[in-house]
Protein chains: 2
Amino acid sequence: MLQLRDLPTPAILDKFVQRYPDADVTAVVTFLHLLRAGTDLSFALDAYLQQHALLQGRWWVLILLMRESSNTAAPSVLADKAGVSRATMTGLIDGLERDGLVERVPDPEDRRRLAIQLTAAGQAKLDEVMPDYYRRVRQLMQPLSESERKVFIELLDKIQAGASSLSAPL
Amino acid sequence: MLQLRDLPTPAILDKFVQRYPDADVTAVVTFLHLLRAGTDLSFALDAYLQQHALLQGRWWVLILLMRESSNTAAPSVLADKAGVSRATMTGLIDGLERDGLVERVPDPEDRRRLAIQLTAAGQAKLDEVMPDYYRRVRQLMQPLSESERKVFIELLDKIQAGASSLSAPL
DNA sequence: AATTATTTGTTAGTTGACTAATCATGTCAA
DNA sequence: TTGACATGATTAGTCAACTAACAAATAATT
């Protein structure tokens, strides 16, 4: 991903509008602000997780496992929920298993299947990271009141509803 | 980057709050919505650009060059503004130059320096992509009124102000 | 003036994503 | 019941990002 640093100035926007009259200035500015905020937060989250020898992908796997009542899930389910390919999930599980945070458990019913199990060490790693993570997220959102958060999420959802049409073939 | 598909249900959030009482539910929910919207838009943008044989990184370089009155910039400046390393920028420029969209121009004053110059083909590529891109962004933001856009950006900026502290060492 | 430090861009090697192909297993239908 | 197809996970190979080390050129220092 790209971390846009430099939002366009009004003068630059004007230059682009001159050449491309279809541009809607406030739409573009809003879009770019959102893109930048998203990537900045994602980078910051990665930087935080690296202090605990985790990356975003591996961290999400642990969380997804902890969400399950059995603390297990199939690799393909994890891949879907984390939004990565199965091949990528194989790699993530390799790393987590090497560090002893998860275990591959064969399925006695169907020998193609695996259950990925969160180990005690994996749970301990979450217990180490999550409280501080939650404190930081609380801090981050401090400036927004409860009602502002509600409004913000509503606006986000309105935008996101059309996200896929951004790339639709026509 | 990771594309989170599966936001936590209230039941899951409750489980996590039980174990980690520091969690602020609306803060986490807001944070995750924002993260997801950002990554979804970024993925959609990439998917769109790929239809034009561009990737986000290469596209931004072309835009950054068009922003300049001379249509040129130094590789290091481009790297800073695009938020990538100088090594990555070397690679991006390699690809763009191979496709004839930019040119490396030696600096007569200082023989370490280069100017990256947008070519006519590069400008033509932008002219091909940008009008449709702007129409799509306009469409995406259609659901938000002007005043909603204003509020939205203000809220985004409030959050982003604390983004770096998310990863600060203590 | 000569040495040291800094700056600019590139190269080399690593990482973690991806797609496509593969292997093993399971399912279904003629 | 066996041949064709489907499914789950892995392997192989590619791509674009990164860091670290580098060469060349310029600037600063003594």
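Each chain gets a letter, A, B and so on, in the order the sequences are listed, and its residues count up from 1. None of these values were measured; they are calculated from a predicted model.
Using cut-offs of 30° and 60° for the angle between ring planes, the Y20(B) and Y134(A) rings count as tilted. Classified by interplanar angle (parallel below 30°, tilted 30° to 60°, perpendicular above 60°), the ring pair Y48(B)/Y133(B) is parallel.
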Tell me, with the steps shown, if V137(B) and D24(A) meet side chain to side chain contact (heavy atoms under 4.5 Å, CB included). CA-CA 8 Å; V137(B) 171; D24(A) 172 341; over 6 Å; no
May I have the step-by-step check of side chain to side chain donor-acceptor pair (under 3.5 Å) for D127(A) and Q123(A), ending in yes or no? CA-CA 6 Å; D127(A) 290 346; Q123(A) 182 64 66; 3.1 Å; yes
Can R104(A) and D94(A) be said to form a side chain to side chain contact (heavy atoms under 4.5 Å, CB included), step by step? CA-CA 9 Å; R104(A) 282 180 165 93; D94(A) 284 347; 3.0 Å; yes
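In this structure a side-chain-to-backbone donor-acceptor pair under 3.5 Å is missing from S167(A) to L45(B).
Put simply, NE2 on H52(A) and CE on M130(A) are 11.0 Å apart, with the number rounded to the nearest 0.5 Å.
Both A115(B) and S85(A) lie close to DNA chain C; mapped to their nearest nucleotides by heavy-atom distance, the more 5′-ward contact belongs to A115(B). The nearest heavy atom of DNA chain C to E109(A) and to G57(A) marks one nucleotide each, and the one closer to the 5' end goes with G57(A).
Rounded to an integer number of Å, the gap from CG of L114(B) to C1' of dA24(D) is 12 Å. Atom CD of Q50(B) and atom C1' of dT19(C) are 12 Å apart (whole Å). Summarising the geometry, the separation between CZ on F43(B) and P on dA17(C) is reported as 10 Å, rounded to the nearest angstrom. Look at CZ on R111(B): it is 17 Å from C1' on dT10(C), rounded to the nearest Å. Look at CH2 on W59(A): it is 18 Å from C1' on dG16(C), rounded to the nearest Å. Regarding D80(B), its CG atom lies at a distance of 10 Å from the P atom of dG9(C), rounded to whole Å. Rounded to an integer number of Å, the gap from CG of D107(A) to P of dA24(C) is 19 Å.
Among the nucleotides dA25(D), dA9(D), dG26(C), the one closest to the side chain of S76(A) is dA9(D). Of the candidates dA9(D), dT8(C), dT10(C), dT8(C) carries the atom nearest the R113(B) side chain, counting heavy atoms from C-beta on. The side chain of R104(B) lies closest to dT10(C) when the candidates are dT10(C), dA24(C), dC18(D). You'll find that the side chain of D110(B) is closest to dA25(D), out of dC18(D), dA25(D), dG9(C).
Across residues 86-99 of chain A, A87(A), T88(A), L92(A) each have a non-hydrogen atom less than 4.0 Å from an atom of DNA chain C (numbered order).
Under 4.0 angstrom from either OP1 or OP2 of dG26(C) there lies no side-chain N or O belonging to R112(A).
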